[in-house]
Amino acid sequence: QVQLVESGGGLVQSGGPLRLSCAASGRFFSINTMGWYRQAPGKQRELVATITSICGTNYADSVKGRFTISRDNAKNTVYLLMNSLKHEDTAVYYCNAGIRPGLSMYARDYWGQGTQVTVSS
């Protein structure tokens, strides 16, 4: 059973930093693109940042210059370092990964359970 387990969320003051982690566990063949999405109350889930297996990155305009996504392929883990946090960054953050369960299987999307990030103004 493949699982994505997030950690690192919490309450932080405006302007402060926070780092999220997401580790993939279970049996699988490979991990393709990994990423972070977020969903604020009353809003749709939106992309925050993605990183490919060879570390090509993509960011939402709203977080460019403040957030940094990275990954450790040896640990099957993706990170999101968030600096200069704003109140509007408050949301549940979800980890996502395209994981190939077996050699002869196509990759499919997996999601973490979500971790709450609250930025006090």
**Distance-only side-chain donor-acceptor flag, Q116 / T118, under 3.5 Å** = yes

**Asked** In chain order, what residues pass the salt bridge (Lys or Arg N to Asp or Glu O under 4.0 Å) check against K43, with sequence neighbours excluded?
**Response** none

**Asked** Roughly how far, to the nearest 0.5 Å, is the CG atom of L103 from the OG atom of S30?
**Response** 9.0 Å

**Prompt:** Does M105 offer a backbone N or O that forms a donor-acceptor pair with the side chain of R100 under 3.5 Å?
**Reply:** yes

**Request:** May I have the step-by-step check of side chain to side chain contact (heavy atoms under 4.5 Å, CB included) for L4 and C95, ending in yes or no?
**Result:** CA-CA 7 Å; L4 296 177; C95 174; 4.0 Å; yes

**Prompt:** Just wondering, do T115 and V92 contact through their side chains at under 4.5 Å, heavy atoms?
**Reply:** no

**Complete:** Here the gap from M34 atom CE to T57 atom OG1, rounded to the nearest 0.5 Å, amounts to 14.5 Å

**Request:** Output yes when a side-chain donor or acceptor of T77 lies under 3.5 Å from a complementary backbone atom of K75, and no otherwise.
**Result:** yes

**Prompt:** Are M82 and I51 joined in one hydrophobic group, where the rule is that I, L, V, M, F, W and Y side chains link up if heavy atoms are under 4.5 Å apart?
**Reply:** yes

**Prompt:** Is there side-chain contact between P17 and N83, with at least one heavy-atom pair below 4.5 Å?
**Reply:** yes

**Asked** Linking I/L/V/M/F/W/Y whenever their side-chain heavy atoms sit closer than 4.5 Å, directly or via other members, would W36 and L18 fall into one cluster?
**Response** yes

**Prompt:** How many angstroms lie between CG in N73 and OG in S53, if you round to the nearest 0.5 Å?
**Reply:** 7.0 Å

**Request:** Spell out, yes or no, whether L80 and V117 are grouped together once hydrophobic residues are joined by side-chain heavy atoms under 4.5 Å, including indirect joins.
**Result:** yes

**Request:** Check step by step if side chain to side chain contact (heavy atoms under 4.5 Å, CB included) holds for T52 and N32.
**Result:** CA-CA 6 Å; T52 68; N32 299 337; over 6 Å; no

**Message:** Going by salt bridge (Lys or Arg N to Asp or Glu O under 4.0 Å), name the residues that satisfy it together with E46, two or more places apart in sequence or in a different chain.
**Reply:** R38

**Request:** Sequence neighbours left out, what pairs pass salt bridge (charged side-chain N to carboxylate O under 4.0 Å, His left out) with at least one residue falling in residues 56-72?
**Result:** D61-K64, R66-D89

**Complete:** Heavy atoms of S14 and S121 approach each other most closely as CB-CA, 4.2 Å

**Side-chain donor/acceptor of E6 to backbone N/O of C22, under 3.5 Å** = no

**Verdict with reasoning, L85 to F67, per side chain to side chain contact (heavy atoms under 4.5 Å, CB included)** = CA-CA 9 Å; L85 281 162; F67 291 10; 3.8 Å; yes

**Asked** Short question: side chain of T90, backbone of V119 - any donor-acceptor pair under 3.5 Å?
**Response** yes

**Request:** Identify whether I99 and I69 are in the same connected component of the hydrophobic contact network (ILVMFWY, side-chain heavy atoms under 4.5 Å).
**Result:** yes

**Asked** Which class fits the ring pair Y94 and W111: parallel under 30°, tilted 30 to 60°, perpendicular over 60°?
**Response** perpendicular

**Message:** Less than 6.0 angstrom from the centroid, inside 45 degrees of the normal: does R108 satisfy that with respect to the ring of Y110?
**Reply:** yes

**Request:** Could you state whether Y59 and Y79 fall into the same hydrophobic cluster, counting links through intermediate Ile, Leu, Val, Met, Phe, Trp or Tyr residues with side-chain heavy atoms under 4.5 angstrom apart?
**Result:** no

